[in-house]
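A short write-up of the structure that comes next.
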Amino acid sequence: MKLGLFFPKRTTDFNKAAASHWIRVLQMEKYYKQIGIEVSINKPFKRYDVSVFFRKPKPKYYWFMRYLKITSKKLFFDTCINIFDTHEEIDAKRLSIAHKIAGISDGIICASDKIAEKANEHAKSVFVMDDPVDFADFCTLKEHVNLDNPVFGWSGVPHKAVYLNTYASDIDGKIILITKDYIKDQKLKFNYKYIPWKYEDFPTDLLKCDVGFLPRTLDDEYNAGHSSHKALVFASLGIPIIANKVPSYVKLASFYESIVFLEDNDNNVQQCLAQLKSKSRNIQRLKDYYACENQAKRMKAYFESHLESQP
């Protein structure tokens, strides 16, 4: 199988690529190759059995996909957000383009089941590829966690750290924020330690935390469709997690026991910590599903099913 993967920013540097691109493209390349797939990234002047374009519905990307439709037997669009409702990432113009992309694509690949629910209403075929994790890099398990006086950890884009203010009294002076860009102190109502995000250091930096602390609002389609990756990187290292019930996190909890939800504990952080003390941190079932090599096998089977149906 010849597989072409395409995304807008032409870089193979994990530290310069958008998060969704290194998660869903760059770290997957070697695992596709290991199972016999011939992979090319951002090489449009070739013919492919399958082409996949990642991530945003914009007019120029739609026209590029029209070109890929000619050079590829099958064409798919991969999204880590809900593109079929308006929200902070999708305005009316992008919504219109999303419908056009669905019309020319053989299927939509989604980063969460919640996104897939919306895509099912518009796409010819829908497949959920949950964000994977590379256990060759995330390979060291947290040996000891302090749940009596924990160091909390959070990672993400800087402006979203503001939501942590809701829990300022619980995390003041006890949390590490790992982001690409520095956070302006005046927006946050608690003291924290800042660590600049770098892929090579990310697993080691996460191991400095006792608990992944991942609250977020679920009041719109964008947040409800959020992938599991923010929690998954903590879980892959055997670090306990306190979070809100993002649907993808609830799914993650079926593979990893040491995640508890604020909604189930009266929004009380101390109550969540007490509950975590009885939870296993075993990651084997999580690894069996979310590891890059296993997600690559699932994707290959999906692509093959479409190629087999080629008239």
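Worth saying up front: this structure is predicted, and the values here are computed from it rather than measured.
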>> Would you say that Asn244 contacts Phe261 through its side chain, given a criterion of any heavy-atom pair below 4.5 Å between the two side chains?
In response: no
>> Using a 3.5 Å distance criterion without hydrogens, assess whether the side chain of Asp201 forms a donor-acceptor pair with backbone atoms of Trp197.
In response: no
> Would a distance-only check, ignoring hydrogens and angles, find a side-chain to backbone donor-acceptor pair under 3.5 Å from Lys230 to Ser155?
Replying inline: yes
>> Hydrophobic cluster membership, with links at side-chain heavy-atom distances under 4.5 Å among I/L/V/M/F/W/Y: are Val52 and Met1 in one?
In response: yes
> Are Ser72 and Ser51 linked by a side-chain donor-acceptor pair shorter than 3.5 Å?
Replying inline: yes
> Is a side-chain donor or acceptor of Lys142 paired with a backbone partner of Leu207 at a separation under 3.5 angstrom?
Replying inline: yes
> Do the ring centers of Phe6 and Phe64 come within less than 6.0 Å of each other?
Replying inline: yes
>> Looking at every non-hydrogen atom in both residues, tell me the closest pair between Lys30 and Ala136 and how far apart they are.
In response: NZ-CB, 4.2 Å
>> What I'd like to find out is whether the side chain of Thr86 reaches to under 4.5 Å of the side chain of Asp91, using heavy atoms alone.
In response: no
> What do the steps show when you test Ile37 against Ile35 for side chain to side chain contact (heavy atoms under 4.5 Å, CB included), and what is the final call?
Replying inline: CA-CA 6 Å; Ile37 298 176; Ile35 56 176; 4.2 Å; yes
> Which atoms form the tightest heavy-atom contact between Ile109 and Met129, and what is the distance?
Replying inline: CG2-CB, 3.9 Å
>> I need the single residue from Leu147, Asp170, Asn149 that forms a side chain to side chain contact (heavy atoms under 4.5 Å, CB included) with Leu273. Which is it?
In response: Leu147
>> If hydrophobic clusters are built from ILVMFWY residues whose side chains come within less than 4.5 Å, do Val126 and Ile81 share one?
In response: no
> Would Ile83 and Phe77 satisfy side chain to side chain contact (heavy atoms under 4.5 Å, CB included), going step by step from the backbone distance to the final call?
Replying inline: CA-CA 11 Å; Ile83 60 172; Phe77 184 79; 3.7 Å; yes
> Once you round to the nearest 0.5 Å, how far does OG of Ser254 lie from CZ of Arg285?
Replying inline: 6.5 Å
> Does Lys124 use its side chain to pair, donor to acceptor, with the backbone of Ser105 at less than 3.5 Å?
Replying inline: yes
>> Checking the side chain of Gln295 only, and the main-chain atoms of Ala291 only, is there a donor and an acceptor separated by less than 3.5 Å?
In response: no
> Would Lys279 and Ile259 count as a side chain to side chain contact (heavy atoms under 4.5 Å, CB included) if you check the C-alpha gap in whole Å, the side-chain angles of each, and the deciding distance to 0.1 Å?
Replying inline: CA-CA 8 Å; Lys279 300 289 186 180; Ile259 177 170; over 6 Å; no
> How far apart are the closest heavy atoms of Ala231 and Leu214, and which atoms are they?
Replying inline: CA-CD1, 3.5 Å
> Under a 4.5 Å cut-off applied to non-hydrogen side-chain atoms, are Ile239 and Asp210 in contact?
Replying inline: no
> What are the two closest heavy atoms between Ala161 and Leu188, and how far apart are they?
Replying inline: O-CD2, 3.6 Å
> Are Asp172 and Asn191 linked by a side-chain donor-acceptor pair shorter than 3.5 Å?
Replying inline: yes
> What's the verdict on side-chain hydrogen bond (donor to acceptor under 3.5 Å, both in side chains) for Glu263 and Asn267, showing C-alpha distance, side-chain angles and the deciding distance?
Replying inline: CA-CA 6 Å; Glu263 292 92 334; Asn267 210 37; over 6 Å; no
> Quick one: does Asp113's side chain get under 4.5 Å of Pro247's, heavy atoms only?
Replying inline: no
>> For a quick check under 3.5 Å, do Gln271 and Asp264 share a side-chain donor-acceptor pair by atom type?
In response: no
> Will you find, in the side chains of Asn282 and Glu257, an N or O donor that is under 3.5 Å from an N or O acceptor?
Replying inline: no
>> For Glu121, I'd like to know if atom CD has over 12 heavy atoms of other residues, nucleotides or ligands within 6.0 Å.
In response: yes
>> Does Lys180, at its NZ atom, have more than 12 non-hydrogen atoms belonging to other residues, nucleotides or ligands within less than 6.0 Å?
In response: yes
>> Working note: Asp49 + Lys73, criterion salt bridge (Lys or Arg N to Asp or Glu O under 4.0 Å); need CA distance, chi angles, decisive distance, verdict.
In response: CA-CA 5 Å; Asp49 296 305; Lys73 293 178 182 178; 3.2 Å; yes
> So Ile108 and Asn120, side chain to side chain contact (heavy atoms under 4.5 Å, CB included) or not? Walk me through it.
Replying inline: CA-CA 9 Å; Ile108 304 291; Asn120 270 317; over 6 Å; no
>> Within this structure, what is the CZ-OG1 distance for the pair Phe14 and Thr12, rounded to the nearest 0.5 Å?
In response: 8.5 Å
>> To the nearest 0.5 Å, what is the distance between CG on Leu141 and OG on Ser236?
In response: 8.5 Å
>> Keeping Lys100 on the side-chain end and Pro59 on the backbone end, is there a donor-acceptor pair under 3.5 Å?
In response: no
>> Taking Phe202 as the starting point, is it possible to reach Leu177 by hopping between hydrophobic residues whose side chains are less than 4.5 Å apart?
In response: yes
> Does Arg298 use its side chain to pair, donor to acceptor, with the backbone of Glu293 at less than 3.5 Å?
Replying inline: no
>> Can you confirm whether Phe190 sits close enough to Asn165 that some side-chain heavy atom of one is under 4.5 Å from a side-chain heavy atom of the other?
In response: yes
> Can you name the closest pair of heavy atoms from Gly225 and Ser112 and give their distance?
Replying inline: O-OG, 2.9 Å
> Is any side-chain N of the basic residue among Glu29 and Lys33 closer than 4.0 Å to the acidic one's carboxylate O?
Replying inline: yes
> Among side-chain atoms of Ser125 and His306, is any donor-acceptor pair under 3.5 angstrom?
Replying inline: yes
> How far does CD1 of Ile176 sit from CZ of Phe152, to the nearest 0.5 angstrom?
Replying inline: 11.5 Å
> Are a donor atom and an acceptor atom from the side chains of Asp85 and Asn82 found within less than 3.5 Å of each other?
Replying inline: yes
> Just checking, is any N or O donor in the side chain of Arg55 or His21 under 3.5 Å from an acceptor N or O on the other one?
Replying inline: no
> Does any N or O in the side chain of Thr179 come within less than 3.5 Å of the main-chain N or O of Pro158, such that one atom is a donor and the other an acceptor?
Replying inline: no
> Do the non-hydrogen side-chain atoms of Leu5 and Ser40 ever get within less than 4.5 Å of each other?
Replying inline: no
>> Is it the case that over 12 heavy atoms from other parts of the model lie below 6.0 angstrom from the NZ atom of Lys2?
In response: no
>> Strictly below 4.0 Å, N to O, side chains only: are Lys198 and Asp205 in salt-bridge contact?
In response: no
>> Has Tyr302 got a side-chain atom pairing as donor or acceptor with Val128's backbone, closer than 3.5 angstrom?
In response: no
> Any side-chain heavy-atom pair from Lys58 and Lys93 closer than 4.5 angstrom?
Replying inline: no
>> Using the rule that Ile, Leu, Val, Met, Phe, Trp and Tyr join whenever any side-chain heavy atoms are under 4.5 Å apart, tell me whether Val157 and Trp22 fall into a single cluster.
In response: no
> Between the side chains of Lys251 and Tyr289, is a donor N or O closer than 3.5 angstrom to an acceptor N or O?
Replying inline: yes
> Can you tell me how far the CH2 atom of Trp154 sits from the CZ atom of Arg216, to the nearest 0.5 Å?
Replying inline: 9.0 Å
> What distance separates Met28 CE from Asp131 CG, expressed to the nearest 0.5 Å?
Replying inline: 10.0 Å
> Do Lys43 and Tyr48 have side chains that get closer than 4.5 Å, going by heavy atoms?
Replying inline: yes
>> I'd like to know if the side chain of Arg66 and the backbone of Tyr61 have a donor-acceptor N/O pair within less than 3.5 Å.
In response: no
> In terms of side-chain heavy atoms, does Asp137 have a donor or acceptor partner in Tyr199 at a distance below 3.5 Å?
Replying inline: yes
> Applying the 4.5 Å side-chain criterion to the ILVMFWY set and letting contacts propagate, would Tyr31 and Phe127 be lumped into a single cluster?
Replying inline: no
> What heavy-atom pair brings Ala102 and His122 nearest, and what distance separates the two atoms?
Replying inline: CB-O, 3.9 Å
